[in-house]
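A quick write-up on the structure given underneath.
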Amino acid sequence: MNILMMTNTYKPHVGGVANSVATFREALIKKGNRCLVVAPHFDNEQEEDDVLRVHAIQNFNGSDFSVSLPTPTLLKEINEFFTPDIVHSHHPFLLGNSALRISALENTPTVFTHHTLYERYTHYIPGDSEILKDLAVKLSVEYANLCSCVVAPSEAIRDLLIERGVHKEIRVIPTGIDVESFQRAKLDKDLQKELGVGKKDFVIGHVSRLANEKNQHFLCQCVAEFLAKRADAKFLLVGDGETKEELQKIFEEKGVAAQVIFAGVAKGKRLKRMYKLMDIFAFTSTSETQGMVIAEALSASTPIVALEASGVSEIVKN
């Protein structure tokens, strides 16, 4: 089967949606399908077979997202690769709109994966307001009802979509994780030394993009209070983003900056070894549709402390 996957974010962008698209694509290819990904250009991207990039505005409004620009010849360019049997859309706007048009022109079904609580991301748009948040919810519901089938990453999101008025068939399909690869990862003494983590340090860990929608200001305030009481504790924060400087100031004001390690973005084996350094994994986001990093931490046998929220409560058991 020829599957056309249209997404507003893809590798090398680091985030849940990009990882999910890549993971599903790999799994579908292993099952004998051919998958063409249409995604915006990103800085430092690598050429990849069956990935078609469209022109985009980089670092939109100070974020690490790219925003695709209109591409009138998109269908023609896609048809140079193949004719799709099914269109899989990963967003209800931008390339998501193109997905619906292409599906109509090619007379193929459209599947839509509802990855994101879009109303939690309106702060990236100038003129953010409650009206804009309501519009984001309405847009995603109307889009879902134009598709043939909707994929929800968790039962909580399925229930929320039904409550909001999605009447099309909804299938719950979480993004998979290679659990064994996290279990096989070993404690890396060189990495410990590089990061300045002592053998007897109590390490609180967190992995995520550093962004307002992740509720990390609250997380860092809580961690800073703990660090002030525990001289043997360290906070290992893995990730990067537009709020990094704001988060650093929280620890500086509390006088515990020396106990905090901003490790930057980590992938692959390095990321898995980061989890092995953590005594607990702390997570305070309330905007997740599926808590991928929580599942990764659990796969690495790292205990979780998290807020009860969508994308969390189905994974973390009290």
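Computation of the quantities below employed the complete heavy-atom set of this structure, encompassing side-chain atoms and omitting hydrogens, waters and symmetry-equivalent molecules. Predicted model only: the values in this text are computed from it and were never measured.
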Derivation of the side-chain contact (heavy atoms from CB on, under 4.5 Å) call for Cys220 and Phe235
CA-CA 9 Å; Cys220 291; Phe235 183 40; 4.2 Å; yes
With the side chain counted from C-beta on, respond yes when [X] and [Y] share a heavy-atom pair under 4.5 Å apart, and no when they do not.
X      : Y      : result
Leu271 : Val238 : yes
Glu155 : Glu314 : yes
Ser208 : Val293 : no
Ile3   : Arg34  : no
Asn79  : Glu106 : yes
Leu74  : Val54  : yes
Phe24  : Ile173 : yes
Ile261 : Leu237 : no

Members sharing Val265's hydrophobic cluster, built from side-chain contacts under 4.5 Å between Ile, Leu, Val, Met, Phe, Trp and Tyr, are Val14
Has [X] got a side-chain atom pairing as donor or acceptor with [Y]'s backbone, closer than 3.5 angstrom?
X      : Y      : value
Gln290 : Gly311 : no
Thr243 : Leu210 : yes
Ser129 : Leu132 : yes
Asp85  : Asn2   : yes
Lys168 : Cys147 : yes
Tyr10  : Val17  : no
Glu246 : Asn212 : no
Thr284 : Asn215 : yes
Gln221 : Ile250 : no
Lys254 : Val223 : no

Closest contact, heavy atoms only, [X] versus [Y]:
X      : Y      : answer
Thr289 : Pro153 : OG1-CG, 3.7 Å
Thr71  : Leu69  : OG1-O, 3.2 Å
Thr110 : Ser103 : OG1-OG, 2.6 Å
Met5   : Val21  : CE-O, 4.1 Å
Ala99  : Tyr143 : CB-OH, 4.0 Å

Under 3.5 Å, is there a donor-acceptor pair linking the side chains of [X] and [Y]?
X      : Y      : answer
Glu296 : Ser299 : no
Ser301 : Gln183 : no
Thr7   : Thr9   : no
His41  : Gln58  : no
Lys272 : Ser181 : yes

Between [atom1] on residue [X] and [atom2] on residue [Y], distance to nearest 0.5 Å:
X      : Y      : atom1 : atom2 : value
Arg273 : Lys269 : CZ    : NZ    : 6.0 Å
Leu161 : Arg158 : CG    : CZ    : 10.0 Å
Met1   : Cys35  : CE    : SG    : 10.0 Å
Asn318 : Ser313 : CG    : OG    : 11.5 Å
Arg230 : Ile204 : CZ    : CD1   : 8.0 Å
Leu160 : Ser310 : CG    : OG    : 7.5 Å

Leu195 vs Met274, side-chain contact (heavy atoms from CB on, under 4.5 Å): CA-CA, chis, key distance, verdict = CA-CA 10 Å; Leu195 297 174; Met274 293 273 193; 3.8 Å; yes
[X] with [Y], same ILVMFWY side-chain cluster at under 4.5 Å:
X      : Y      : value
Leu95  : Val37  : no
Ile86  : Met6   : no
Val111 : Leu139 : no
Val38  : Leu75  : yes
Val203 : Ile280 : no

If you draw a 6.0 Å radius around [atom1] in [X], do more than 12 non-hydrogen atoms from other residues or ligands fall strictly inside?
X      : atom1 : result
His217 : NE2   : yes
Ile131 : CD1   : no
Lys317 : NZ    : yes

In terms of the angle between their ring planes, are [X] and [Y] parallel, tilted or perpendicular, with boundaries placed at 30° and 60°?
X      : Y      : result
His13  : Phe42  : tilted
Phe262 : Phe251 : perpendicular
His91  : His115 : tilted
Tyr118 : His114 : perpendicular

Quick test of your reading of the model: are [X] and [Y] salt-bridged, counting only N-O distances below 4.0 Å?
X      : Y      : answer
Arg53  : Glu45  : yes
Glu119 : Arg164 : yes
Glu80  : Lys76  : no

- Show your working on side-chain contact (heavy atoms from CB on, under 4.5 Å) between Thr23 and Asp178 and close with a plain yes or no. CA-CA 10 Å; Thr23 298; Asp178 184 358; over 6 Å; no
Practice task
Could you walk me through whether Tyr121 and Ser287 pass side chain to side chain donor-acceptor pair (under 3.5 Å), step by step?
Solution key: CA-CA 9 Å; Tyr121 288 73; Ser287 64; 4.5 Å; no
**Request:** Apply side-chain contact (heavy atoms from CB on, under 4.5 Å) to the pair Phe281 and Val207, showing each step before the final yes or no.
**Result:** CA-CA 8 Å; Phe281 183 88; Val207 178; 3.8 Å; yes
Tested for side-chain hydrogen bond (donor to acceptor under 3.5 Å, both in side chains) against Thr286, the lone hit among Arg120, Lys214, Glu213 is Arg120
Carefully, step by step, assess Lys30 and Glu26 under the rule salt bridge (charged side-chain N to carboxylate O under 4.0 Å, His left out). CA-CA 6 Å; Lys30 285 180 181 177; Glu26 290 168 10; 5.7 Å; no
